[in-house]
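Structure first, commentary second.
If you read the sequence from its start, that first residue is 1, and numbering goes on from there. Being a predicted model, the structure only gives us computed values, none of them experimental. Read the numbers this way: they start at 1 and go in the same order the structure lists the ligands and their atoms.
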Amino acid sequence: MIGVLALQGDVREHAAAVSSCGLRAVPVRRPAELDAVDALVIPGGESTTMSRLLETFELLDPLRNRIAAGMPAYGACAGMILLASQILDGRPDQQQLGGLDVVVRRNAFGRQVDSFEADLQVDGVSGGPVRAVFIRAPWVETVGPGVQVLATVPQLTLTGTDAGAAAGRPVAVRQGPVLATSFHPEITGDLRVHALFCAMVRESAAAA
Ligand code: GLN
């Protein structure tokens, strides 16, 4: 059973994508609901707001503990920011869940390519490039030794805009059972990133 953190963001779309992979998806708002799931999707939204809501709903420490204990987690956009061990351009009181040994830069793309789409080759996802929708997204600035970079920003966006200094920045990463993307696969109808996560969840359940 995969939980979708339901404090903010595209909860329904992520739940639908998980269900399409053949796993049960349930919303998570309370510690007891977190206890009941085998894995968690953390949707996009606004990471400072989500950080505050995690504290209000008393989910911050339980979630940190589950992630530290090896629960599979997938964070999209703000979800990636929350999973990162360190943030650049965050708010000083913004809390981290950990799980991904990366430094993430929040709102990293300059004004010119603030929100854009691009086709990305994602390692672990077969069948051609993934259409990636970036919405005031973060990028990964540095990765620790245990982190695999699965995709980077191409030189050109879908509209032909030069990505400039953003080109080559990691935007999909994996560390063991933790997956994160800067972009939003839940809104494109392409379920392959969720299918990758569902495969990771099945793998982790089989190993337990
Ligand atoms: N810019 C947002 C943040 O700082 C993330 C945007 C998103 O999740 N689409 O949290």
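- Compare Arg106, Arg91, Gln8 by their heavy atoms: the one nearest to atom 4 (O) of ligand 1 is in Arg106.
- No heavy atom of Met50 sits closer than 4.0 Å to any atom of ligand 1.
- When only non-hydrogen protein atoms are considered, atom 5 (C) of ligand 1 lies nearest to Gly45 O, 3.4 Å.
- Where the criterion is an N or O separation shorter than 3.5 Å, residue side chain and backbone included, Ala76 fails it with respect to ligand 1.
- Residue-ligand proximity, Ile81 to ligand 1, at heavy-atom distances under 4.0 Å covers atoms 3 (C), 4 (O), 10 (O).
- Of the protein's non-hydrogen atoms, the one nearest atom 10 (O) of ligand 1 is Ser47 N, 2.5 Å.
- Each of the atoms 8 (O) of ligand 1 lies under 4.0 Å from some heavy atom of Gly44.
- Heavy-atom contacts from other residues, nucleotides or ligands closer than 6.0 Å to CD of Glu55 number more than 12.
- For the pair Cys77/Ser182, no side-chain contact is recorded, criterion being any heavy-atom separation below 4.5 Å from C-beta on.
- Classification of the Trp139-Phe109 ring pair by plane angle, with boundaries at 30° and 60°, yields perpendicular.
- With hydrogens left out, the protein atom closest to atom 1 (N) of ligand 1 is Asn107 OD1, 2.6 Å, a heavy atom.
- Close approach of ligand 1 to Glu46 (heavy-atom distance below 4.0 Å) involves ligand atoms 3 (C), 4 (O), 10 (O).
- A distance-only check finds a donor-acceptor pair linking the side chain of Ser20 to the backbone of Ala16 [under 3.5 Å].
- Shortest contact from atom 7 (C) of ligand 1 to any protein heavy atom: Cys77 SG, 2.8 Å.
- Asp89 places none of its side-chain heavy atoms less than 4.5 Å from the side chain of Asn107.
- When only interatomic distances are considered, the shortest N/O to N/O separation between Thr48 and ligand 1 does not fall below 3.5 Å.
- In this structure the side chain of Val18 reaches within 4.5 angstrom of the side chain of Val41, judged on heavy atoms.
- If you number the atoms of ligand 1 from 1 as listed, the ones under 4.0 Å from a heavy atom of Ile135 come out as 6 (C), 7 (C), 9 (N).
- In terms of modelled atom types and a separation under 3.5 Å, the side chain of Ser51 and the main chain of Gln95 share a donor-acceptor contact.
- By the 30° and 60° cut-offs, the orientation of the rings of His14 relative to Tyr74 is perpendicular.
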